[in-house]
Structures are given as C-alpha cells and as structure tokens.
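In listed order, ligands and their atoms are each counted from 1. Every heavy atom of this structure was used, including side-chain atoms; hydrogens, water molecules and symmetry mates were not.
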Amino acid sequence: MEPLDRSTIWPYEAGEPGAFFYQRYLHPTGVEAESVLGELDGGHALLFSSGMGAVTSVILALLEPGGRVALARDAYYGVERLFRTEFARWGVELVEFDQTGPPPERVQLVWLETPSNPLLSFPDLAATAETAHAQGARVVVDATAATPVLLRPLEHGADVVVHSATKYLGGHSDVLLGVTVSRSEDDHRRLLEFRGHAGVVAAPDPAWLLLRGLQTLTLRVERQSASALELARRLQAHPAVERVRYPGLGDAQAARYMQGGFGGLLSFDVAGGAEAARSVETSTRAIKNATSLGGVQSVLETRHRWEGDRVPESLVRLSVGLEGVEELWADLEQALHSGGSVTISP
Ligand SMILES: *Cc1c(COP(=O)(O)O)cnc(C)c1O
C-alpha cells in the first residue's frame, strides 16, 4: 500500500515550494487516490472533505453569481436543501424538473443523479446533455449510487461527475469524502483553486482508507448489484410490497447507460402505509436500521423521516451489502410478516 503521509508541511527545495508544501493545497495520499478515481471515471478527479463539500464546490466554483440551476426533482435531498437554505441567499435561482424528461431552458447548470436516491429515477444522459450544451449549460451528474464500475457519465456528455465517496467508493462506512471528476482541464483547475481557497480538502487518513476501499470496489459493486436485483425481484412478487423501485426492473434508460449491473440501492413501498413501513424497518435483524448506503453491511430505513413530502411514508430504502442473498431475503421476509397489514396465505 501507499504510505500514509500525515504531514501538513514539506520543506522547500532550494528555496522554492515543490509539488507538496502545504496540505490544504495538495498532499501525496490525496493525489494518489485522485489518480485512481480519475482513471475510473475517465477525467480529472479531486477529493473533498465530504460529498456535500464536493457539491458546494462545484456550484460555487463553476456557477456565476445569480445563475439559474436546473435540479432533478428527486436528486439527493441534501442538494435541494443546500440550494434552498444557502444558495438562495446568494441569488442562485433553482428550477426543479423531472429528470426523465428534457431540462428547462435558460439555465447555466443542469444537475442530474444516476440513479436518484431514493426514488431511483434515471435520465436520458446523452439527450439531456445535448439540450443543455445547446444553451451553453454545464451538465453535472451525481453518480454516487451507480459508481464508475457501472456508469461513466463523462462518456455520455456529462461535464462533471460528483460522488459521495462516503458510500460505495469508500465502501466500509468509515470515511466521509466527496469526489469531483471533470472532463475539461479548465473546470478541474477552477475546482482545485476553489478547494485550496475554501479549504474543503480531504485529510490524508480518509484518503488512505478510500485507496484501500477502492481495491475491492469492482467486486463489491458486482456482488451488491447481483444481490439487489434478486431481492428486488422477490420483493416485487411479495404481497406485502406495493411497489419496488430499482433500475434493474425494466428501466430502459438505466439499461441503456449502466453496464454490468444496476447497483446495490433499492426502495420499496410497504402495503399498509407508514405504520407498516416503520414496523418493517424495526423488525430486520441482519439488516441494520441505519441511514446511508454503499457499505459492506446492509442497512435500511424509511426515508420520510428525513425527506418529508418528497417520498411516500411507506417507502423503505435498502442498501444491499455483502451478506448472503438468502440470509438477506429471510430477514426481509420475516420483517414483512411483522407488518401485520397483509394476511399472507401459506
Ligand atoms: C450521501 C449522498 C450525498 C452527500 O454525500 P456526503 O458524503 O454525505 O456529504 C450526495 N449525493 C448522494 C446521491 C448521496 O447519496
């Protein structure tokens, strides 16, 4: 493994700063992780202190003051909240739209999420990028749930890819990190400059853990995708489940753009509403009742508690980990029985 260098300063060479001189600008562990991430997504990668740190940096570094942004209506709720609570104060105008259709006009930035968390919608990337570029807008794709193993948005017209590396890239629920991957060197340089000014840089320790996690990324995502697809199919056939949201259940755009699987994230609506869903989330044993996604340990939760009216009260989000699929299914089945709202005949 790469050595972990925690230095915040490095000596000048013959009176001049070398590549590394102060950790806020660049440090060797971060640069090493960025070279792997850049290769994975096919662009210029930068690490940030969290996914939201990366999101904030993209908007402040690449958007002009008072700009208009088109945001996928079901993009990660933290992104919408950031616009409404922070950027609105700085005159940024937000236009929300259904990302399965064309983006609105007269915007400078189009923000997509592939697939969206937790409603799992999927845009036509190439068509959206074409429409956006025709009006001079940049396209940013939050591909946290897909990972570069299954989708490389820069190959389909995106200008910048964003990841919460806290999820699949780190993969073990022990680092908080964000990533941007830019197609153009200009955007990369602007983001690097902004990161140094603002100080939203990743520390060496989480960067090192990310490097370790990345070694098993492909294996983890393949296994999680296979298990999630199997669970999605079984949930769809279960009488206590009203609806399953998973891109692998016939989403034509996801099938067109994702390769090798549809990821480890799915949501299902429990018959019987809020109470039945709460009962399911508190009745699993192998699957922990916790937030977040992308770890080796499966977790599930009702999302209504965080996102209010954006999601149905009956929606349970499940992040599939690396446990055996039969063990996970047995756990889900007994939890669905506990809901008590549906009588299941033998
Ligand atoms: C978690 C998440 C984020 C935010 O990332 P943090 O690392 O928690 O700051 C952004 N987008 C998506 C899709 C996420 O799931």
Minimum-distance protein heavy atom relative to atom 4 (C) of ligand 1: Tyr76 CE2, 3.5 Å

- prompt: For atom 9 (O) of ligand 1, what's the nearest protein heavy atom and its distance?
  reply: Met52 N, 2.8 Å

- prompt: With under 30° as parallel and over 60° as perpendicular, where do the rings of Tyr257 and Phe122 fit, or are they tilted in between?
  reply: parallel

- prompt: Does any N or O in the side chain of Ser7 come within less than 3.5 Å of the main-chain N or O of Trp10, such that one atom is a donor and the other an acceptor?
  reply: no

task: Can you pull out the closest protein heavy atom to atom 12 (C) of ligand 1? Residue, atom name and distance to 0.1 Å, please.
output: Asp142 OD2, 3.4 Å

message: Could you check whether Glu80 pairs with Arg310 (Lys NZ or Arg NE/NH1/NH2 to Asp/Glu carboxylate O, under 4.0 Å)?
response: yes

- request: Looking only at protein heavy atoms, identify the closest one to atom 5 (O) of ligand 1 and say how far it is in Å.
  value: Ser164 OG, 3.0 Å

query: Just how far is it from atom CG of Leu37 to atom NE2 of His163, taken to the nearest 0.5 Å?
result: 7.5 Å

statement: ligand 1 atoms nearer than 4.0 angstrom to some heavy atom of Glu113 are 13 (C)

query: Between Glu301 and Arg305, is there a salt bridge with N-O shorter than 4.0 Å?
result: yes

task: Starting from atom 7 (O) of ligand 1, locate the nearest protein heavy atom and write down its residue, its atom name and how far away it is, to 0.1 Å.
output: Thr166 OG1, 2.6 Å

task: Could you check atom 2 (C) of ligand 1 against the protein and tell me its nearest heavy-atom contact, residue, atom and distance included?
output: Lys167 NZ, 2.5 Å

message: If you measure every N or O of Gly51 against every N or O of ligand 1, does any of those distances drop under 3.5 Å?
response: yes

query: Would Arg278 and Glu275 pass as an ion pair if we require N to O under 4.0 Å?
result: no

